[in-house]
Number of protein chains: 2
Amino acid sequence: MEPEILELENFLPYRLYRLADAVSREFSGIYKDRHGLTRPEWRTLAGLGQHGTMTATALGEQSAMHKTKVSRAVAELERRRWLIRTADEKDRRIEHLTLTAAGHAAYREMVPLAKAFERELLARLSADEHAAVTSGLAALETSLPQARLRVKSQTL
Amino acid sequence: MEPEILELENFLPYRLYRLADAVSREFSGIYKDRHGLTRPEWRTLAGLGQHGTMTATALGEQSAMHKTKVSRAVAELERRRWLIRTADEKDRRIEHLTLTAAGHAAYREMVPLAKAFERELLARLSADEHAAVTSGLAALETSLPQARLRVKSQTL
DNA sequence: CCAAACTGGTTTCATTTGTAACCATCTAAA
DNA sequence: TTTAGATGGTTACAAATGAAACCAGTTTGG
């Protein structure tokens with residue numbers, strides 16, 4: 001019996017990871033070069049910009065980050081005075097996070113750049129290809145156990 | 001003028017990354033739990049299993065890894081006696097890497113598991129969805145500047 | 001021939017990451 | 001109540017990572 005061979009370049013986990021890594025690396029220029037943010041910091045900013053006030057747990061769920069990443073990102077954004085924490089009245093474990101004016105300014109500056117980046121990425125595709133990307137990703141997303149898209153230890 | 005908002009969950013770089021991360025994390029069980037391999041080590045094994053003898057540089061190109069990752073992964077697999085290095089006759093900087101019998105055994109053990117993993121992942125999709133995933137990923141791959149899919153500092 | 005530039009690969013150092021332990025608070029059940 | 005367990009969040013520690021410096025060896029152009 002023949003030795004079974006795996007073609008790495010056609011292996012789904014590998015292709016996905018490599019693509020995500022390449023895209024993410026290129027995109028990171030926008031938040032890293034301009035403001036020296038890490039990815040978790042960018043996601044935190046994006047989450048708060050999008051939703052207004054959130055708790056750290058909610059942030060982790062929305063942006064699929066481990067709670068330690070959230071904790072560190074929040075600490076850094078707080079240090080920059082891009083966000084403030086306010087204690088919850090009823091439950092003193094919880095803190096509500098909100099962007100400051102400076103945080104909002106950074107967010108407003110970055111959103112158009114992010115959108116332009118995505119637009120340019122997709123502009124290289126035909127309409128059919130664009131549709132395939134969209135529906136392919138959506139299909140994979142719904143196919144994976146939801147829990148896996150969140151961060152493991154968040155859910156349990 | 002309204003504040004522009006970015007919906008993170010629909011943002012392509014984020015979706016790709018989250019998906020890749022979830023899939024990769026789940027897949028990593030196969031090489032991590034069984035053999036305590038890291039992802040670079042797994043990729044190195046996969047590359048050598050697939051192509052036979054390769055140089056470290058070739059490995060980095062094939063599997064999109066930074067050369068330091070390759071170097072470390074190779075060192076570890078060598079420590080396990082899963083591969084051996086042989087010097088090149090003409091160019092003494094180069095070393096050719098080959099799996100040992102033990103390395104091959106591990107490879108042969110893992111390939112079917114990897115294939116089963118992928119099969120199960122795709123089995124949850126309809127034929128159309130499967131096609132969309134395939135063509136969507138392919139489209140993105142060809143659309144990104146080739147260089148970006150390799151590792152930056154490899155190419156330059 | 002010889003120096004400059006280049007290439008394959010390793011190492012060092014600072015940063016980022018994940019796991020697990022941890023503290024504080026809250027909830028529920030006896 | 002009291003106490004055992006959950007939950008929000010932080011911290012400590014070890015491992016993984018990336019950038020840049022580095023050490024051979026090799027090639028190139030004068």
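Below, chain A is the first sequence line, B the second, and so on; all start at residue 1.
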Inset, instruction - Test Arg39(B) against Met65(B) for side chain to side chain contact (heavy atoms under 4.5 Å, CB included), laying out the working first. - result: CA-CA 10 Å; Arg39(B) 184 168 39 227; Met65(B) 295 193 292; over 6 Å; no
Inset, instruction - Using whole Å, report how far CH2 of Trp42(B) lies from P of dA16(D). - result: 18 Å
Inset, instruction - Take atom CZ of Arg25(A) and atom P of dT17(D), then tell me their distance rounded to the nearest Å. - result: 11 Å
Inset, instruction - Identify whether the distance between the nearest side-chain nitrogen and carboxylate oxygen of Arg124(B) and Glu120(B) falls below 4.0 Å. - result: no
Legend entry - Short side-chain N/O contact from Arg39(B) to OP1 or OP2 of dA15(D), under 4.0 Å: no
Legend entry - Of the listed nucleotides dT10(C), dG8(D), dT16(C), the one nearest the side chain of Thr57(A): dG8(D)
Inset, instruction - Taking only the side-chain heavy atoms of Ala56(A) (C-beta and beyond), determine which of dT19(C), dA19(D), dG9(D) contains the nearest atom. - result: dG9(D)
Legend entry - Spacing of Leu99(A) atom CG and His51(A) atom NE2 [to the nearest 0.5 Å]: 12.5 Å
Inset, instruction - With the side chain of His66(A) defined as its heavy atoms from C-beta on, choose the nearest nucleotide among dG18(C), dT25(C), dG9(C). - result: dG18(C)
Legend entry - Heavy-atom closest pair, residues Val70(A) and Ala56(A): CG1-O, 3.6 Å
Inset, instruction - Using whole Å, report how far NZ of Lys67(B) lies from P of dT12(C). - result: 16 Å
Legend entry - Candidate nucleotides dG9(D), dA20(C), dA16(D), ranked by approach to the side chain of Thr68(A) - the nearest: dA20(C)
Legend entry - Side chain of Arg92(B) (C-beta onward), nearest among dT10(D), dG18(D), dT26(D): dT26(D)
Legend entry - Atom pair distance, as rounded to whole Å: CE in Met54(A) and P in dG8(D): 14 Å
Legend entry - Spacing of Asp88(B) atom CG relative to dT27(D) atom P, expressed in whole Å: 10 Å
Legend entry - Ion pair check, Lys90(B) and Asp88(B), cut-off under 4.0 Å: no
Legend entry - First of Thr38(B) and Lys32(A) reached from the 5' end of DNA chain D, by closest nucleotide: Thr38(B)
Inset, instruction - In whole angstrom, give the distance that lies between atom CD of Glu76(A) and atom P of dG9(D). - result: 19 Å
Inset, instruction - Could you tell me the separation between the NZ atom of Lys90(A) and the P atom of dG8(D), rounded to a whole number of Å? - result: 17 Å
Inset, instruction - Specify the separation, in whole Å, of atom NZ of Lys69(B) and atom P of dT12(C). - result: 20 Å
Legend entry - Comparing Arg72(A) and Glu89(A) on DNA chain C - which has the more 5′ nearest nucleotide: Arg72(A)
Inset, instruction - Among dG8(C), dA16(D), dA20(D), find the nucleotide with the atom closest to the side chain of Ile94(B). - result: dG8(C)
Inset, instruction - Return the nearest nucleotide to the side chain of Arg93(B); candidates are dA24(D), dT17(D), dT11(D). - result: dA24(D)
Inset, instruction - Return the 5'-most residue of the pair Ala58(A), Asp91(B) with respect to DNA chain D, ranking by each residue's nearest nucleotide. - result: Ala58(A)
